[in-house]
*Asks:* 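Questions regarding the structure given below will be posed in turn.
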Amino acid sequence: MDDLEFLWDGLLSRRDEMIRAAWAALSRREQRAVYAHLLRMTTEEGWAAPQQKSAQIALEVLATQRADEPDE
């Protein structure tokens with residue numbers, strides 16, 4: 001449970017380096033699932049405004065990171 005809390009604390013930290021570190025700790029499969037969850041957090045009802053903002057920032061950081069990565 002601590003690992004899961006650490007992961008989400010990092011992803012929702014609003015700090016680029018923490019978001020990237022948490023993301024890097026995930027497998028590709030986990031990244032896809034987490035990315036989908038972050039998208040839902042920004043679009044579905046029921047999430048608090050600060051949670052939505054943190055998820056949006058994480059998505060923006062991850063989009064920037066993906067743009068910086070070379071094509072595989």
*Asks:* Would you say Arg15 has more than 12 foreign heavy atoms packed within less than 6.0 Å of its CZ?
*Replies:*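 No - once you tally the heavy atoms of other residues, nucleotides and ligands closer than 6.0 Å, there are 12 at most.
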*Asks:* Give me the atom names and distance for the closest heavy-atom approach of Leu11 to Trp23.
*Replies:*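 Shortest heavy-atom separation between Leu11 and Trp23 comes out as CD2-N, 4.2 Å.
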*Asks:* Using the rule that Ile, Leu, Val, Met, Phe, Trp and Tyr join whenever any side-chain heavy atoms are under 4.5 Å apart, tell me whether Tyr35 and Leu4 fall into a single cluster.
*Replies:*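 Yes, because Tyr35 and Leu4 connect within a single hydrophobic cluster, where side-chain heavy atoms sit under 4.5 Å apart.
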*Asks:* Measure across Met18 and Ser13 and return the closest heavy-atom pair with its distance rounded to 0.1 Å.
*Replies:*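 Where Met18 meets Ser13 most closely, the heavy atoms are CB-OG, 3.3 Å.
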*Asks:* Checking Asp16 now: which residues fulfil salt bridge (charged side-chain N to carboxylate O under 4.0 Å, His left out) with it, not counting sequence neighbours?
*Replies:*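 Applying salt bridge (charged side-chain N to carboxylate O under 4.0 Å, His left out) to Asp16 gives Arg20.
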*Asks:* Can you get from Trp47 to Trp8 by hopping between Ile, Leu, Val, Met, Phe, Trp and Tyr side chains that sit under 4.5 Å apart?
*Replies:*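 Trp47 and Trp8: one cluster.
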*Asks:* How far apart are the closest heavy atoms of Ala58 and Ile19, and which atoms are they?
*Replies:*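 For Ala58 and Ile19, the tightest heavy-atom pair comes out as CA-CD1, 3.9 Å.
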*Asks:* So, Ser54 side chain and Gln51 main chain: donor-acceptor pair closer than 3.5 Å or not?
*Replies:*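 Not at all, since once roles are kept as given, no pair shorter than 3.5 Å links the two residues.
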*Asks:* Taking all non-hydrogen atoms of both residues, which atom of Leu12 and which atom of Met41 are closest, and how far apart?
*Replies:*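 Taking every non-hydrogen atom into account, CD1-CE, 4.1 Å.
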*Asks:* Looking at NZ of Lys53 and OG1 of Thr42, how far apart are the two atoms once the value is rounded to the nearest 0.5 Å?
*Replies:*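 Between Lys53 NZ and Thr42 OG1, I get 12.0 Å after rounding to 0.5 Å.
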*Asks:* Measuring only between side-chain heavy atoms, which start at C-beta, is Thr43 closer than 4.5 Å to Leu39?
*Replies:*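 Result no, sub-4.5 Å side-chain heavy-atom pair not found.
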*Asks:* Hey, what do you get for NE2 (His37) to CD (Glu30), rounding to the nearest 0.5 Å?
*Replies:*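 CD of Glu30 is found 14.0 Å from NE2 of His37.
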